[in-house]
Amino acid sequence: MKLLFTQSAAIPIATASLLVYQIFKRYEPQSIPALLLLLLVVPGALVPIVQTHFITLLGAVLTTYISYWSLILIFTVAYRLSPFHPLAKYPGPLLCKISKIWFTYLVGTGGKAHLYVYDLHKRYNSDIVRIGPNEISVTHADLSNAVLGVKGLPRGPYYNTRTHEAGVSLDGLRDQALHTVRRRPWSRGMSSTSMKYYEELVHLVVREFVTSLSQRAGKVVDFTEWATFFGVDFMGHMAFTHDYGMIKNGRDDLGLINLIENAMIDSAWISHIPWAVNLLQYLFGANKSWNRIKIVGEQTVKARVAAGSREKDLFYHLIDEEGHESVRPTVELCAVDGQVAVIAGADTAATILGHLCYFLQTNSTYFDRLRNEVDEKYPHGIESNADLAQQATMPYLNACINEALRLFPPVLTGLQRRVEEGTGGRMIGPYFIPEGTQVSPWAYVVHRDPQHYSPLPDTFWPDRWLSQDTYVLPTGDVITQDKLVTNREVFMPFSLGPMVCVGKNVALMEIRAVLCAVVRYFDIEVADKACFERYESEIHEIFTTKRGPLPVRLRVRMM
């Protein structure tokens, strides 16, 4: 096939590809009709214009499409690597500068993106590194005000995947004003009055948890699995007055845990390329697990609506049964938010309880100190009417929890925010961040930065959260208070500012109650040291956290 490709044929292709590149660059179209128009229809319209320069129609079609797509790609890469790019002065890997697809690949194939970002900050020795063409990771102390604070930045496009048929879930709302409105029912659901009801639920579920584990005394149980049973069962009660029966049965009969994990894995990588969501859904039916979760959620909501408001659970407030809002939310949207509550709430408590089991069983000194504090607080056992709020005043208990939250926050991915167009950019400390930039503070990375937590930023050492004149390091060395750095202003396991996790206090109440109960009532023996040795390597970021097994043998303590 002889090709007569001349300058007059190249000019229209180059011109069209440059114009379309500018459209993609400025407007970031994501709908399937727009993508079809720009990537298929436009080059198709060029074929008749340049066909006279080709011997065959096939040659004209192939050359036009390949040249058109290649030029768009070349324009894109050239600009992103050029010194004219707004983020050109910030360090980062070549592949990250070119496309977010490389980062998406890391998330989708290994779930270790948090380690990758952590290594980048160390490699470049910088508070700011470029992890995408238009995205940076930031660890500077000013992030608590400039990025996540009251006058911080709105959420970025990472959260676009939280859109459902019924609407956008609370955790996906990017408009700060709308988020404030939608958060009001949640705030009523987390009021001091509501917390009293949830405290009763915690007592109920913890008592069932201890009873079920007591029945398995001497047998090997996977604490990771049982922590998840507790998290899901408690959130079922709290959100919908619904019992999933995992603790009682010692298993997940619905397969809900596996379903949630698969859905989270899909969301974790898809969220990094939100422009491709519609295309992936159309071509491959992405998010099938979410569709199955939706069915389970709908069944739960139907049962809850049919039963009526026997208790003032979270759904009672989300559906606004007391009539506080001028426009009552739909049942469908409340169902979406309720499902989010179950998933996020269950994972948070289960994840931190699993991490605590790992840290305390591999550091017997810390376990013994915690047990002494719990035994002193509850010498005769933990009464079913004990005021769980008092556990928030137990210094070592909360030091252990904070240290687990510091090293492995429940959300390992970045809390992406965006400097919106028309704002003139944003200063983060000494760094100017231009419009159109995504800014992502990674709690995992920030919490291990020695400028914020020192000494031993990568080591589990609860004492850093205690107030005292001198500290004994795990090495045996003694340091004075002025040598200790514990920056509480950047402590963000539940995020910070107006979008801080609304269920934070409930999660902490659960974690304290379960940890106190397990330490008070059981002696714990590691049943498989190999699982504990590889535990940290089996932690994967799937927006929530995927964890490996923790086989232990529990024995009821003699009172």
Side-chain angles (χ1 to χ4, degrees), residues 87 89-93 96 112-131 135-153 355 359 398-417 419 426-433 437-475 477-497 500 536 541:
L87 300 179
K89 64 181 179 180
Y90 296 126
C96 287
K112 299 289 187 179
H114 58 291
L115 297 180
Y116 181 71
V117 176
Y118 172 80
D119 288 337
L120 289 182
H121 280 277
K122 294 187 70 174
R123 183 195 310 176
Y124 295 108
N125 190 28
S126 175
D127 288 338
I128 287 185
V129 295
R130 195 169 161 191
I131 60 173
E135 183 169 354
I136 59 168
S137 167
V138 58
T139 61
H140 191 275
D142 193 34
L143 68 89
S144 58
N145 295 315
V147 181
L148 300 176
V150 175
K151 295 183 178 180
L153 301 171
H355 295 338
F359 284 124
N398 290 283
C400 289
I401 294 172
N402 281 346
E403 188 66 346
L405 286 166
R406 182 185 73 84
L407 286 173
F408 288 106
V411 176
L412 293 172
T413 190
L415 303 173
Q416 191 191 80
R417 301 294 186 260
V419 182
R426 175 64 60 95
M427 293 298 297
I428 302 177
Y431 305 103
F432 175 73
I433 312 301
T437 302
Q438 277 69 254
V439 182
S440 294
W442 292 64
Y444 177 91
V445 182
V446 174
H447 290 175
R448 290 170 180 256
D449 191 322
Q451 68 177 320
H452 303 311
Y453 296 93
S454 178
L456 307 174
D458 294 311
T459 301
F460 183 81
W461 182 49
D463 295 54
R464 75 175 78 244
W465 297 97
L466 302 176
S467 179
Q468 49 198 51
D469 294 329
T470 60
Y471 297 83
V472 179
L473 299 174
T475 59
D477 297 328
V478 178
I479 63 170
T480 54
Q481 190 179 57
D482 62 305
K483 301 296 183 183
L484 178 73
V485 179
T486 304
N487 189 351
R488 296 171 186 265
E489 290 188 3
V490 297
F491 185 54
M492 52 180 188
F494 298 97
S495 188
L496 291 170
V500 67
E536 290 195 39
E541 182 262 310

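Each residue takes its place number in the sequence, starting with 1.
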Aromatic ring pairing His114/Tyr444, orientation class (parallel under 30°, perpendicular over 60°, tilted between):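 Taking Tyr444 first and then His114, their aromatic rings stand perpendicular (interplane angle over 60°).
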
More than 12 heavy atoms from other groups under 6.0 Å of CG on Asp482: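 Yes, the 6.0 Å shell around CG holds more than 12 heavy atoms from other groups.
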
Residue Glu489 excluded, over 12 heavy atoms near CD under 6.0 Å: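 Result for CD/Glu489: open.
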
Residues which pass salt bridge (charged side-chain N to carboxylate O under 4.0 Å, His left out) with Arg417, listed by chain and number, not counting sequence neighbours: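 Not a single residue meets the salt bridge (charged side-chain N to carboxylate O under 4.0 Å, His left out) criterion with Arg417.
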
Rounded to the nearest 0.5 Å, what separates atom [atom1] in [X] from atom [atom2] in [Y]?
| X | Y | atom1 | atom2 | answer |
| --- | --- | --- | --- | --- |
| His355 | Ile401 | NE2 | CD1 | 13.0 Å |
| Glu541 | Tyr116 | CD | OH | 14.5 Å |
| Asp142 | Ser144 | CG | OG | 6.5 Å |
| Asn402 | Arg488 | CG | CZ | 7.0 Å |
| Ile479 | Asp469 | CD1 | CG | 12.0 Å |
| Met492 | Leu415 | CE | CG | 5.5 Å |

From CA spacing to verdict: side chain to side chain contact (heavy atoms under 4.5 Å, CB included), Asn398, Trp465: CA-CA 8 Å; Asn398 290 283; Trp465 297 97; over 6 Å; no

Test side chain to side chain contact (heavy atoms under 4.5 Å, CB included) applied to Tyr431 and Val439, step by step: CA-CA 12 Å; Tyr431 305 103; Val439 182; over 6 Å; no

Sequence neighbours excluded - salt bridge (Lys or Arg N to Asp or Glu O under 4.0 Å) pairs with any residue from residues 438-449: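 Only Arg448-Asp458 qualify under salt bridge (Lys or Arg N to Asp or Glu O under 4.0 Å).
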
NZ or CZ of Arg406 within 45° of Tyr453 ring axis and under 6.0 Å: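 Output yes; distance and angle both within limits.
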
Steps toward side chain to side chain contact (heavy atoms under 4.5 Å, CB included) verdict (Gln451, Asp127): CA-CA 10 Å; Gln451 68 177 320; Asp127 288 338; 3.0 Å; yes

